[in-house]
Amino acid sequence: AQSVAQPEDQVNVAEGNPLTVKCTYSVSGNPYLFWYVQYPNRGLQFLLKYITGDNLVKGSYGFEAEFNKSQTSFHLKKPSALVSDSALYFCAVRDMRSGAGSYQLTFGKGTKLSVIP
Amino acid sequence: GAVVSQHPSRVICKSGTSVKIECRSLDFQATTMFWYRQFPKKSLMLMATSNEGSKATYEQGVEKDKFLINHASLTLSTLTVTSAHPEDSSFYICSARDRALPGELFFGEGSRLTVL
């Protein structure tokens with residue numbers, strides 16, 4: 001079975017400092033990995049994805065993530081945090097159980113990021 | 001990017017009534033849509049997968065007679081919560097797959113259901 005772990009319920013960082021939100025995964029085959037952000041009472045917004053290619057993926061709003069196959073990690077990073085980055089962040093892996101035609105995602109439990117002014 | 005519209009964004013209803021939530025793909029055709037439920041401070045729980053023109057596939061533990069899903073067209077899927085109970089109060093989110101953009105799902109803004 002596929003799974004995603006976000007070990008931190010909450011991450012606090014000062015504005016202007018670099019931020020990292022951790023994610024590790026477990027899949028049987030090749031992983032398709034995603035990061036989404038959710039603001040209060042809103043749906044999920046796509047940030048970035050890794051399917052193949054360069055291990056460093058750049059996404060929206062200055063975020064990037066590094067795919068590390070040996071550590072089965074896909075940590076989300078940003079060089080300089082903004083107060084407006086404060087939100088709930090979800091890591092997700094594409095569920096391969098239902099075959100190539102399925103696009104079901106398995107989500108981590110989410111990490112609340114708070115950027116302190 | 002592709003836009004998914006969800007309506008209503010908030011709904012309050014009395015116990016025993018039924019509530020319908022719509023999920024529309026505005027600028028693309030969505031052969032597959034997914035319905036999620038999100039509890040406070042929890043992750044998203046997949047409820048069902050909705051395929052256009054066929055019956056929805058429900059996840060284990062989700063009552064199909066209580067959560068009716070209809071995907072009548074390539075741009076619209078609906079979730080109807082029947083005989084609503086206060087424990088059905090939650091945030092419901094849909095997502096849609098754009099077959100022109102493989103490997104990516106687009107999410108609606110979510111619908112907050114409160115059952116009194």
Side-chain angles (χ1 to χ4, degrees), chain A residues 1-10 23 25 29-53 57 59-61 67 87-114, chain B residues 1-11 21 23-26 30-52 54 56-60 90-114:
Chain A
Q2 281 59 244
S3 65
V4 175
Q6 291 180 245
E8 303 153 315
D9 289 337
Q10 175 141 4
C23 171
Y25 65 90
N30 293 323
Y32 294 174
L33 295 155
F34 304 82
W35 274 102
Y36 289 88
V37 59
Q38 184 182 34
Y39 296 97
N41 292 309
R42 304 291 293 277
L44 273 66
Q45 295 180 30
F46 171 79
L47 280 179
L48 50 82
K49 66 182 177 186
Y50 171 83
I51 297 180
T52 60
V57 179
S60 306
Y61 311 119
F67 170 64
L88 190 59
Y89 290 81
F90 289 98
C91 181
V93 63
R94 178 175 153 184
D95 192 334
M96 303 295 284
R97 288 174 296 174
S98 300
S102 169
Y103 282 78
Q104 293 183 12
L105 293 179
T106 299
F107 286 86
K109 63 180 181 179
T111 299
K112 183 179 179 181
L113 172 67
S114 293
Chain B
V3 177
V4 175
S5 173
Q6 214 173 313
H7 178 79
S9 57
R10 295 175 181 269
V11 57
I21 300 171
C23 179
R24 294 181 184 272
S25 57
L26 296 186
T31 53
T32 305
M33 289 184 174
F34 302 92
W35 285 96
Y36 298 84
R37 182 173 178 176
Q38 186 178 29
F39 295 95
K41 299 183 179 180
K42 297 286 186 181
S43 186
L44 282 73
M45 180 193 78
L46 179 64
M47 299 174 66
T49 302
S50 168
N51 292 297
E52 186 267 337
S54 63
T57 302
Y58 290 81
E59 295 299 302
Q60 190 174 9
S90 192
F91 195 56
Y92 294 88
I93 303 175
C94 72
S95 69
R97 172 196 165 197
D98 181 355
R99 35 183 194 180
L101 294 173
E104 193 167 331
L105 289 178
F106 296 92
F107 286 79
E109 288 288 289
S111 298
R112 171 74 61 191
L113 171 63
T114 303

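Below, chains carry the letters A, B, ... as their sequence lines are ordered, and counting in each starts from 1.
- Residue Phe90(A) comes nearest to Leu44(B) through the heavy atom pair CZ-CD1, 3.9 Å, listed as atom of the first residue, atom of the second, then distance.
- The number of heavy atoms from other shown groups lying within 6.0 Å of NZ (Lys109(A)) is above 12.
- Between atom CG of residue Leu105(A) and atom CZ of residue Arg97(B) there is a gap of 12.0 Å, rounded to the nearest 0.5 Å.
- If you take CG on Leu44(A) and OH on Tyr36(B), they are separated by 9.0 Å, rounding to the nearest 0.5 Å.
- Shown here is Tyr61(A), whose OH atom has no more than 12 heavy atoms of other residues, nucleotides or ligands within 6.0 Å.
- Contact of Gln6(B) with chain A is not made at all, since no heavy-atom distance falls under 4.5 Å.
- Every residue meeting the salt bridge (charged side-chain N to carboxylate O under 4.0 Å, His left out) condition with Arg24(B), not counting sequence neighbours, appears here in chain and number order: Glu22(B).
- Remark: the backbone N or O of Gly108(A) is paired with a side-chain donor or acceptor of Ser43(B) at under 3.5 angstrom.
- Counting all heavy atoms, side chain and backbone alike, Gln38(A) lies closest to Phe91(B) at NE2-CE2, 3.6 Å.
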